[in-house]
Peer 1: 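Here it is, the structure in full.
Convention: sequence-line order gives letters A, B, ...; per-chain numbering from 1.
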There are 4 protein chains.
Amino acid sequence: MALRKLPRQQRSREMVDRIVAAARDVLVADGYDRLTTNRVADRAEVSPGSLYQYFPDKASIVEEVTARYVDRLAEDVVASLVDHVHEDPEAMARATAEALLSALERDPTLLRVVWEELPAARHLDDRLGLERRVRDVLRAYLGGRQSPAARRRDPARSSWLIVLAVESLAVRFVLDEDPPLTRDELVDDLVALGLAWW
Amino acid sequence: MALRKLPRQQRSREMVDRIVAAARDVLVADGYDRLTTNRVADRAEVSPGSLYQYFPDKASIVEEVTARYVDRLAEDVVASLVDHVHEDPEAMARATAEALLSALERDPTLLRVVWEELPAARHLDDRLGLERRVRDVLRAYLGGRQSPAARRRDPARSSWLIVLAVESLAVRFVLDEDPPLTRDELVDDLVALGLAWW
Amino acid sequence: MALRKLPRQQRSREMVDRIVAAARDVLVADGYDRLTTNRVADRAEVSPGSLYQYFPDKASIVEEVTARYVDRLAEDVVASLVDHVHEDPEAMARATAEALLSALERDPTLLRVVWEELPAARHLDDRLGLERRVRDVLRAYLGGRQSPAARRRDPARSSWLIVLAVESLAVRFVLDEDPPLTRDELVDDLVALGLAWW
Amino acid sequence: MALRKLPRQQRSREMVDRIVAAARDVLVADGYDRLTTNRVADRAEVSPGSLYQYFPDKASIVEEVTARYVDRLAEDVVASLVDHVHEDPEAMARATAEALLSALERDPTLLRVVWEELPAARHLDDRLGLERRVRDVLRAYLGGRQSPAARRRDPARSSWLIVLAVESLAVRFVLDEDPPLTRDELVDDLVALGLAWW
DNA sequence: GATGAATGAGCCTTCATTCAT
DNA sequence: GATGAATGAAGGCTCATTCAT
């Protein structure tokens with residue numbers, strides 16, 4: 001009704017958002033196993049057929065959810081990185097670790113569903129993208145700042161290692177029922193890892 | 001028809017093994033999405049009904065595959081750990097990292113399917129078990145050996161960090177198309193990480 | 001294929017009717033044991049999936065068939081009852097017995113399937129409904145007309161007895177290969193029974 | 001073990017009984033829908049294969065249960081009939097009605113399962129047998145005793161009617177949640193029916 | 001574009017029955 | 001005869017996707 005009045009472009013954008021939001025809700029509320037296209041359509045208050053006007057298939061809808069989710073994560077982390085680029089390495093590392101944890105803690109249910117219920121292949125590319133983005137920034141902004149001593153290491157190798165380890169640790173920390181360290185301790189360890197490896 | 005002529009399928013234990021092996025093969029050959037009970041039965045040269053004499057449902061078959069796979073991994077790693085317990089920490093760390101990588105490299109296709117196609121929740125418990133086993137051994141055998149200086153750290157915290165980081169890194173290394181470091185470099189880094197964090 | 005070319009199946013009400021009719025046909029043609037959802041779908045020239053858009057499960061389809069069948073029976077009997085309410089009791093009883101028999105004779109094959117192949121529990125409620133409807137009308141319309149002498153009996157008791165006996169006798173008469181009385185004799189007996197017990 | 005020592009004939013008789021008893025128990029405990037050959041074998045503490053040494057198929061096992069059940073019913077009723085043959089018709093009718101009701105009340109759960117859960121066709125023959133037996137006795141023993149006035153009626157017709165009506169009414173009385181007459185009232189009515197129709 | 005009824009391939013599972021031991 | 005593991009046909013049902021309106 002009201003939608004009919006909107007400019008075309010707007011409408012389709014809105015539909016995509018509506019569908020993605022509905023899919024995210026279903027994921028969080030019912031889990032991945034129970035996510036059906038009909039349920040998503042219901043939640044989006046849209047007909048099942050309309051889904052296929054904006055997405056080629058069910059998988060692509062879920063992928064868009066994870067893509068947006070992981071992009072947001074990347075955005076937050078990169079933003080923090082950029083914001084603290086002028087500070088000393090430790091401060092920057094700390095800020096970044098904090099930013100990552102906060103980002104992961106924002107929607108732990110979705111994080112759990114994405115990380116544990118979805119086949120990893122479904123969000124692998126997103127994660128690779130996130131890792132690459134962070135790595136690129138890391139290398140670009142910090143690369144020049146390496147102490148001659150640290151220079152012995154290959155930045156590609158270091159960033160691969162750090163980013164992967166930090167990501168895994170942070171995610172598992174948020175998801176673990178009862179992790180054997182506090183959040184602050186984890187941040188300390190993450191910072192230490194970053195500094196040691198760079 | 002043809003089956004009628006064959007000796008009756010072997011009993012229980014052998015049957016379970018046959019089914020699990022078939023499921024593994026299907027997983028590797030066709031992927032998780034295409035694993036159906038009928039396909040597993042076909043591959044096991046067994047009737048679909050027989051599956052249900054040994055497993056309550058499809059999920060439990062897949063679970064057994066992952067359980068056995070991850071158990072084997074754990075076995076290898078723990079064995080190496082125990083074998084090198086009397087050596088100096090670095091040698092032990094190196095041997096363990098090697099053992100883990102070798103274990104993961106033994107069946108990379110299955111590793112990929114389990115890690116990327118299966119919903120993580122399907123093998124989460126297995127992984128937690130693996131991690132716990134390794135952590136326990138680590139703490140038991142190395143705990144007493146800490147230098148007073150290293151004593152500053154909580155072993156639970158250290159082992160959680162190390163095990164998780166090493167696991168993630170090793171798996172990703174094996175699965176990555178084109179990792180930015182050689183296998184030897186990774187081992188070096190893993191050893192360094194272990195020594196640094198302990 | 002062929003279906004693709006046909007006009008889209010008619011909607012809701014018509015679809016329900018189509019399915020119920022198909023189920024009835026299958027019941028009559030193949031018997032209850034051979035009624036499968038796929039067979040019903042075939043006969044209805046509808047896809048198996050469509051069945052489940054209108055019925056929650058197979059049982060409910062069969063239930064609808066019996067419900068409609070028994071409702072029709074009830075309708076006929078009640079209609080006759082109402083039509084002859086102003087006549088003397090014997091005429092009314094006779095008309096009703098006739099109506100019941102005619103109704104049962106209309107689809108003897110379905111009657112046999114419903115009465116003999118279906119578990120009685122599957123149409124028990126329908127039958128109870130039929131009996132209640134007839135009893136209610138009986139008591140409402142005839143109740144006031146009882147001769148003082150007849151008043152000695154409890155109408156609830158009388159109607160229970162009569163309705164049950166008449167129903168059983170009539171059904172068995174229609175279903176019996178070779179009943180030891182003619183239809184007219186049965187009607188006479190049913191009438192006598194009704195008059196005697198009221 | 002102990003069974004091995006028994007004479008052959010005994011053994012097979014005992015097995016049949018064991019199986020039939022188990023089937024009856026399953027029927028009562030789990031209902032007809034959940035009666036499977038495996039469950040019967042379990043309950044009989046016998047292997048599934050053994051069932052087929054004594055019965056051609058599942059249906060025949062259930063049939064034996066109903067046959068025995070209905071035969072017992074017939075036995076009781078016929079016995080009562082014979083026992084009271086020398087008394088006046090009303091006393092005999094009353095005794096018979098009582099005997100029937102008592103017989104039905106002995107195992108109401110099995111009655112319900114047989115009457116409501118089993119497809120009627122599965123016990124139709126048994127019922128026909130019961131009815132025939134009772135009718136035969138009725139006609140044989142009471143036939144000669146008819147008053148000349150009653151003689152106007154065809155005994156085959158009368159007995160068909162009476163037996164059927166009495167059977168239906170008695171069964172429904174036992175099965176009804178809340179029948180609108182007492183047991184004594186029903187007996188009175190059944191007796192009246194018998195006397196009136198004979 | 002939007003709709004939503006219809007589709008139908010295909011899945012998991014059951015269970016009466018068999019037959020080698 | 002007894003066993004019971006194995007069988008396998010078949011069934012009910014789901015759900016991603018389509019397409020006539």
Peer 1: Check the distance between E:dC12's C1' and B:R34's CZ and give it to me in whole angstrom.
Peer 2: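 Atom CZ in B:R34 sits about 19 Å away from atom C1' in E:dC12.
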Peer 1: Quick one: B:Y32 OH to E:dC11 P, roughly how many Å, whole number?
Peer 2: 13 Å
Peer 1: Output a table of donor-acceptor pairs, distance under 3.5 Å, between side-chain atoms of residues 115-125 of chain C and any protein atom two or more places apart or on a different chain; print 'none' if there are none.
Peer 2:
unit_1	atom_1	unit_2	atom_2	d
C:E116	OE1	C:R112	NE	3.3
C:E117	OE1	C:Y32	N	2.8
C:R122	NH1	C:Y32	OH	2.6
C:H123	NE2	C:V114	O	3.1

Peer 1: Side chain of C:R24, backbone of C:V65: donor and acceptor closer than 3.5 Å?
Peer 2: no
Peer 1: How close or far is atom C1' of F:dT3 from atom OH of D:Y54, stated in whole angstroms?
Peer 2: 12 Å
Peer 1: Mind pulling the stems DNA chain E is in, i.e. runs of at least three Watson-Crick or G-U pairs, everything under 3.5 Å?
Peer 2: E:2-21 with F:2-21
Peer 1: Return the set of residues passing side chain to side chain contact (heavy atoms under 4.5 Å, CB included) with C:D57 (not counting sequence neighbours), or none when no residue passes.
Peer 2: C:A59, C:S60
Peer 1: Between the protein and nucleotides 13-17 of chain F, are there any N/O to N/O pairs under 3.5 Å, and if so, what are the atom names and distances?
Peer 2:
unit_1	atom_1	unit_2	atom_2	d
F:dC13	OP2	C:Y52	OH	2.6
F:dC13	OP2	C:K58	N	2.9
F:dC13	O5'	C:Y52	OH	3.4
F:dA16	OP1	A:K58	NZ	2.8
F:dA16	OP2	A:T37	N	2.6
F:dA16	OP2	A:T37	OG1	2.8
F:dT17	OP2	A:Y52	OH	2.9
F:dT17	OP2	A:K58	N	2.9

Peer 1: How long is the line joining CD1 of D:I19 and C1' of F:dT3, in whole Å?
Peer 2: 13 Å
Peer 1: I need the A:E63 CD to A:T66 OG1 distance, nearest 0.5 Å.
Peer 2: 6.5 Å
Peer 1: Round to the nearest Å and state the distance from A:E14 atom CD to E:dG1 atom P.
Peer 2: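 Checked: the CD to P distance equals 14 Å.
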Peer 1: What is the distance from CD of B:Q53 to C1' of E:dT18, rounded to the nearest Å?
Peer 2: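 It is 13 Å, rounded to the nearest whole Å.
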Peer 1: Mind checking what makes side chain to side chain contact (heavy atoms under 4.5 Å, CB included) contact with A:R34, not counting sequence neighbours?
Peer 2: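 A:R34 satisfies side chain to side chain contact (heavy atoms under 4.5 Å, CB included) with A:D30, A:R39 only.
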Peer 1: Looking at side-chain heavy atoms only, is the closest gap between A:Y52 and A:T37 below 4.5 Å?
Peer 2: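 A side-chain contact under 4.5 Å exists here.
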Peer 1: Side chains of C:F55 and C:V16: closer than 4.5 Å at any heavy-atom pair?
Peer 2: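 In contact.
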Peer 1: Between atom CG in C:D42 and atom C1' in E:dA9, what is the gap in whole Å?
Peer 2: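 Between C1' of E:dA9 and CG of C:D42: 14 Å.
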Peer 1: Starting from C1' on E:dA2, measure out to CD on A:E45 and report it in whole angstrom.
Peer 2: 15 Å
Peer 1: Just to verify, what does C:N38 make a side chain to side chain contact (heavy atoms under 4.5 Å, CB included) with, not counting sequence neighbours?
Peer 2: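 C:T36, C:P48.
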Peer 1: On a heavy-atom basis, which atom in C:V40 and which in C:A22 lie closest, and how many Å separate them?
Peer 2: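 For C:V40 and C:A22, the tightest heavy-atom pair comes out as O-CB, 3.6 Å.
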Peer 1: Would you indicate which nucleotide in F:dT3, E:dT3, E:dT7 comes nearest to any side-chain atom of C:M15?
Peer 2: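 When the side chain of C:M15 is considered, E:dT7 is the closest of F:dT3, E:dT3, E:dT7.
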